[in-house]
Amino acid sequence: MQKRIDPFLTMASLYLSVGLLALLGRLTTGMGLTETLPGLRWLLIHFVTIGAMTQALFGLLPSLLASVGATESRPTNASRWRQWLLLNVGFPTLLVGMAAGSTTTAVVGGSFVLLALVSLTVTVFRLSSRPRGRLGRFYRTAPWFLVVGVSMAFGMLLDVHGPGGYFGSIEAHVHANVWGFLALVAAGTLLHLVPALDGTTLRYPTLVPVTYWGLTLGAIGLVSGPWLAFHALTFGGLSVYVVGTVALLVNVVGTRRASGCRPDARIGHVLGAYLWLVVPVPFAPLVLLFPTAVPGAPIETAAINGLVFGWMLQLAMAFLPVAAASADGRPWSFDLEAAAERAISPSWVELGSLNVGMVAIWLTALPPFSGIADALRLGGFSLVALAWGVFLRELWTALAADSGRGGNASERPRSTGESAAD
């Protein structure tokens, strides 16, 4: 059976390809070969965030709900095409507005993105109106953080801020989108997919609520603290968030060890991704409490690069090829467990290149390396670009592959990891 390429994953792959071209353009600028383009850094970041990850998660959320037993229903084709159209009209319009410095154009584009998000949220809640299983709530809660993140973006565009001012809005925007929306979806997926792909059960199912509440309450503090300029709330949220993240990683590592599977680059990407998620944690209190002594701007830049390229892009490297290989021939439908036999495993070159590159990028934020910061930045992003290119080859190969390869999904035994977690 020739599989249908999912429209959301197709767009995610296209934006990742354009994002790599933007990164190469940034490298040529760093080498002095081309002139600096206005807003190129933020365009590059949004190619990965809204352009790739949001597209992929819009496409996958209903199937993720079904995979953890939270629903047996499927969304209508009309609702899915409406969400796809709104998102893919809105995001390019938003990019044009950002590049041209046109607030009106950016607000119009953002409004379409927000409408797509509202439609997706309604779909998620309709599909899981009678929620079952503890993993489903990760996916039901996540879109609300994206609603908050998009709202913060409107505040920045229209110069409407809370007590934390413009920079408080930026932090709240990033925290809501990354530490809230994406982190909850990633956690729910890891808790289901790692045992499913390894053919085992979740090692510590009692830690699932700790992960959910730690990430949810922690993200609330990380969003509201900067927006309100209330540092105690930010620190409290960060502490709770770390507890939830540790519980997640204990489950992921414990499950993998119990399965007896050999280490591979996919699990390496997962662990590397969470490394770059937590690296900013010890710096955050220092930047907030000692702003004149600690170089806040370089650390903030490195932290954002770490979240986008070290965490988000690395999670995409781990699982987007699995999602691309899991399309089962029906529109908007994925069988993630059945993809285990035919998904291309990430390469060790890709894993090593990206993480060594991220080390170099983070060193640029530290005072002892300020004299060679430009060289470190150029080398670091060159290694990220190398890993990105290898990943895109894997992703496009998975998208183009015949869905019949690897056997019939319905004939493969289901893992019991779902029931253990739920």
Side-chain angles (χ1 to χ4, degrees), residues 41-42 45 49 141-142 144-184 186-187 209-249 273-312 358 361-368 370:
R41 174 172 174 259
W42 288 109
I45 287 173
T49 54
T141 303
W144 293 106
F145 280 102
L146 190 56
V147 170
V148 173
V150 173
S151 300
M152 295 293 176
F154 277 105
M156 289 185 287
L157 288 171
L158 299 174
D159 200 25
V160 177
H161 310 290
Y166 179 78
F167 290 103
S169 294
I170 289 180
E171 281 195 56
H173 168 70
V174 172
H175 291 171
N177 291 352
V178 178
W179 294 57
F181 171 62
L182 179 59
L184 280 168
V210 178
T211 296
Y212 172 77
W213 288 109
L215 297 186
T216 301
L217 296 178
I220 290 173
L222 286 168
V223 172
S224 54
W227 194 81
L228 295 171
F230 188 20
H231 293 338
L233 190 56
T234 304
F235 294 154
L238 187 60
S239 301
V240 174
Y241 198 94
V242 168
V243 172
T245 302
V246 169
L248 170 65
L249 294 178
Y274 279 89
L275 168 67
W276 300 116
L277 178 67
V278 300
V279 161
V281 170
F283 290 100
L286 299 176
V287 171
L288 290 173
L289 296 176
F290 308 104
T292 58
V294 179
I299 289 174
E300 182 181 4
T301 299
I304 292 176
N305 286 331
L307 288 175
V308 174
F309 305 111
W311 189 56
M312 297 178 71
M358 288 311 307
I361 290 169
W362 252 100
L363 288 177
T364 63
L366 305 181
S370 59

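When a residue number appears, it is its place in the shown sequence, counting from 1.
- Crowding of Phe230 atom CZ: a count of heavy atoms from other residues, nucleotides or ligands under 6.0 Å not exceeding 12.
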message: Between Leu366 and Phe283, is the side-chain contact (heavy atoms from CB on, under 4.5 Å) condition met? List the steps.
response: CA-CA 11 Å; Leu366 305 181; Phe283 290 100; 4.0 Å; yes
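- Residue Met358 comes nearest to Gly306 through the heavy atom pair CE-CA, 3.4 Å, listed as atom of the first residue, atom of the second, then distance.
- To the nearest 0.5 Å, the span separating OG1 on Thr141 from CZ on Phe181 amounts to 12.0 Å.
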- request: Starting from the C-alpha separation in whole Å, work towards a yes-or-no answer on side-chain contact (heavy atoms from CB on, under 4.5 Å) for Val223 and Val148.
  value: CA-CA 9 Å; Val223 172; Val148 173; 3.9 Å; yes
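- Rounding to the nearest 0.5 Å places CH2 of Trp213 at 6.5 Å from OG1 of Thr216.
- To the nearest 0.5 Å, atoms CG (Leu184) and CG (Leu146) are separated by 11.5 Å.
- Here the closest non-hydrogen pair linking Ala302 and Ile361 is CB-O, 4.3 Å.
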message: Go through it in stages, so that I can follow the logic: the residues are Val210 and Val243, the test is side-chain contact (heavy atoms from CB on, under 4.5 Å), and I'd like the CA-CA distance, side-chain angles, deciding distance and then a yes or no.
response: CA-CA 8 Å; Val210 178; Val243 172; 4.1 Å; yes
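- The side chain to side chain contact (heavy atoms under 4.5 Å, CB included) with Val178 is formed by just one residue from the set Ile304, Leu222, Leu307; it is Leu307.
- Nearest heavy atoms, Ala172 versus Trp227: CB-CB, 4.1 Å.
- Between the side chain of Ser169 and the main chain of Gly165, a donor-acceptor pair closer than 3.5 Å is present.
- In this structure, CG on Asn305 lies 10.5 Å from CD on Glu300, to the nearest 0.5 angstrom.
- When atom types are taken as modelled, the side chain of Tyr274 and the backbone of Leu248 share no donor-acceptor pair closer than 3.5 angstrom.
- Leu233 is listed as a side-chain neighbour of Leu228, based on a closest heavy-atom distance under 4.5 Å.
- A distance of 10.0 Å separates CD1 in Ile45 from CE in Met312, rounded to the nearest 0.5 Å.
- For the pair Ala183 and Leu215, the tightest heavy-atom approach, listed with the atom from each and the gap, is O-CD1, 4.0 Å.
- The side-chain heavy atoms of Leu277 and Trp179, taken from C-beta on, include a pair separated by under 4.5 Å.
- Atom CG of Asp159 sits about 9.0 Å away from atom OH of Tyr166, to the nearest 0.5 Å.
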task: Carefully, step by step, assess Trp362 and Trp276 under the rule side-chain contact (heavy atoms from CB on, under 4.5 Å).
output: CA-CA 9 Å; Trp362 252 100; Trp276 300 116; 3.5 Å; yes
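- In this structure, Glu171 and Pro226 approach most closely via the heavy-atom pair CB-CB, 3.7 Å.
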